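Reminder, nothing fancy here: chain letters follow the sequence lines and each chain counts from 1. These numbers come from a predicted model, not from an experiment.
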2 protein chains.
Amino acid sequence: MRSYRGVSADDRRLERRARLVEALLDTVLDVGVLDTTVEAVCARAGLTKRYFYESFGDRDEILAVAIDAMFVDVLEAIRAALTGASPTVADRATVTVGALVDELDRDRRRARMYVEAPGHPVLRARRDAAIDTFADLLMSDVLQASPPDDRHRMVGLLVVAGTTEVVSRWLADGLPLGRDDLVEEIARIGVAVGGL
Amino acid sequence: MRSYRGVSADDRRLERRARLVEALLDTVLDVGVLDTTVEAVCARAGLTKRYFYESFGDRDEILAVAIDAMFVDVLEAIRAALTGASPTVADRATVTVGALVDELDRDRRRARMYVEAPGHPVLRARRDAAIDTFADLLMSDVLQASPPDDRHRMVGLLVVAGTTEVVSRWLADGLPLGRDDLVEEIARIGVAVGGL
DNA sequence: GACTTCTGACACGGTGTCGTGTCAGAAGGA
DNA sequence: TCCTTCTGACACGACACCGTGTCAGAAGTC
């Protein structure tokens, strides 16, 4: 464990790892998850496969790391937005959807990875788990629906999955709406079904 | 063009084509879209690649044929169910969702193909187009929302995409609900957002 | 300066898929 | 019977990706 260019071996390894993840996201945006190969990621990162296998077991592993990081960030953004939001359901819904939209809008690379996730076994599993989490968050923390039974879980699932679809379309310029209109409309739907 | 075993050359060709599509669906159910190769489909159909390339240009083409056929069938089922349904919005919603659920439940092979469609460029394009069609159908023919503006299109999109997600989960036994409860609950959501 | 560690490039064998080509034999027609 | 068409199996060359291995030289240490 020696120091190279002023950084320790561990730090260099972590920096390479981070570069690979960034390169992965760039590649996904460019060519899609399907055509994102280990070699393409390495080329973009300016590293060789040697370093890829130093940090990741295979392609699935780096994909899992990347999508999990995305969900963690989105969840954090929503929680942060909810802290300090007014207690009315309508406001909480607006703030929540706004945080989601902004977070996806901030990094289109991740948005594409999310959209294509259902086609990949590992990504789909993570995506489904994340949707469950967001659905629970929506029903309990945002809409304050009680009790949290199977029916409510289903409603949350529908709204969350539908929302991500709509936001994806909006990001791809498939919906001629402004950011605020989009957020407000989705929030209204959330509030409406929350009262069921 | 001679007759073999009593059927014309054209008919034999069409029969092989149909067998290949069936084999494709079986393969998709077994191993997923990603691992559905031309060779695997041929093996299951009991035919060789020779016959595959007789009817299809490549893997994408047979996938497109298969998913389009699915959407045509679902659309037909819904239209048939709506014919003769009572004019109340609630009833029409229930009948529509019921037809969708039953049609997907009838052939799990297609359900899996639909779920994984976003990961494949060709399938995703067809899926998105179909969702648009269903969203328009929902807003105009079922919920009778007017006028059909961008906001309503967005609402339809959200509900349709959310519904397919929920139904997929239900098919995969991820939701402990009976068929009728599932249908009724989704229909209620549709009616609720239709009034916005 | 001698020695060790790290770095990046390249090569390799293995595997799986594609799309085409070949060919012997079966099935049918004249 | 002779001839044509259809059939199914197999071979193949090409290509892409995977995961590992090798190696010379640069970067740092003593």
Side-chain angles (χ1 to χ4, degrees), chain A residues 1-24 26-28 30-66 116 119-123, chain B residues 1-24 26-28 30-66 116 119-123:
Chain A
M1 301 303 158
R2 209 189 302 185
S3 184
Y4 249 71
R5 305 189 212 270
V7 280
S8 76
D10 269 359
D11 285 351
R12 292 196 309 278
R13 210 180 116 271
L14 287 176
E15 190 225 313
R16 282 194 294 264
R17 186 186 160 96
R19 272 169 66 192
L20 284 166
V21 173
E22 287 299 307
L24 173 91
D26 288 340
T27 309
V28 165
D30 255 29
V31 300
V33 171
L34 203 64
D35 292 332
T36 295
T37 67
V38 172
E39 262 143 8
V41 172
C42 291
R44 197 178 279 262
L47 295 169
T48 54
K49 287 191 285 180
R50 189 148 113 67
Y51 298 106
F52 182 89
Y53 291 105
E54 173 194 58
S55 283
F56 305 100
D58 54 14
R59 195 187 69 134
D60 285 358
E61 193 178 321
I62 192 174
L63 281 170
V65 166
E116 298 185 4
H120 188 280
V122 172
L123 292 183
Chain B
M1 300 304 156
R2 209 189 301 185
S3 183
Y4 249 70
R5 305 188 211 271
V7 281
S8 74
D10 269 0
D11 286 351
R12 291 196 308 278
R13 209 180 117 272
L14 287 176
E15 190 226 313
R16 282 193 293 265
R17 184 186 161 97
R19 272 170 65 193
L20 284 166
V21 173
E22 286 300 306
L24 173 90
D26 288 340
T27 309
V28 166
D30 256 28
V31 300
V33 171
L34 203 64
D35 293 332
T36 294
T37 67
V38 171
E39 261 143 7
V41 171
C42 292
R44 197 179 279 262
L47 295 169
T48 54
K49 286 191 285 178
R50 188 146 113 67
Y51 299 107
F52 181 90
Y53 291 105
E54 173 193 58
S55 283
F56 305 100
D58 55 14
R59 195 186 69 134
D60 285 357
E61 193 177 321
I62 193 174
L63 281 170
V65 167
E116 298 185 3
H120 188 279
V122 172
L123 293 184

- Query: Who pairs with B:Asp35 by side-chain hydrogen bond (donor to acceptor under 3.5 Å, both in side chains), at least two apart in sequence or on another chain?
  - Reply: none
- Which whole-number value in Å describes the distance from B:Phe56 CZ to C:dC18 P? 14 Å
- With sequence neighbours excluded, give me every ring-ring contact (aromatic ring centres under 6.0 Å, His included) pair touching residues 33-65 of chain A. A:Phe52-A:Phe56
If you restrict it to nitrogen or oxygen atoms, what contacts under 3.5 Å exist between nucleotides 9-14 of chain C and the protein, and what is each distance?
none

- Taking the side chain as every heavy atom from C-beta outward, state whether A:Leu24 and A:Arg59 have any atom pair closer than 4.5 Å. no
- Message: Nearest whole Å is fine: how far is D:dC6 C1' from B:Glu15 CD?
- Response: 14 Å
- Task: Find the distance B:Asp58:CG to C:dG19:P and express it as a whole number of Å.
- Result: 6 Å
- Message: If I take atom CZ in residue B:Arg13 and atom P in nucleotide D:dT7, what distance separates them, rounded to the nearest angstrom?
- Response: 12 Å
- Item | Side chain to side chain, B:Glu61 and B:Val122, heavy atoms closer than 4.5 Å | no
- State, with a plain yes or no, whether a side-chain heavy atom of A:Glu116 is found less than 4.5 Å away from one of A:Leu34. no
- Item | Interatomic distance, A:Arg59 CZ vs D:dA16 P [rounded to whole Å] | 17 Å
- Identify the two heavy atoms, one from A:Ala40 and one from A:Thr27, that lie closest to each other, and give their separation to 0.1 Å. CB-CG2, 4.1 Å
- Item | Listed nucleotide nearest any side-chain atom of A:Tyr51, set C:dC18, D:dC18, C:dT7 | C:dT7
- Item | Gap between atoms CD and P, on A:Glu54 and D:dG19 respectively (whole Å) | 16 Å
- Note on the structure: When rounded to whole Å, the OH to P distance for the pair B:Tyr53 and C:dT17 reads 12 Å
- Message: Whole angstroms only, please: what is the CG-C1' distance between A:Leu20 and C:dG8?
- Response: 14 Å
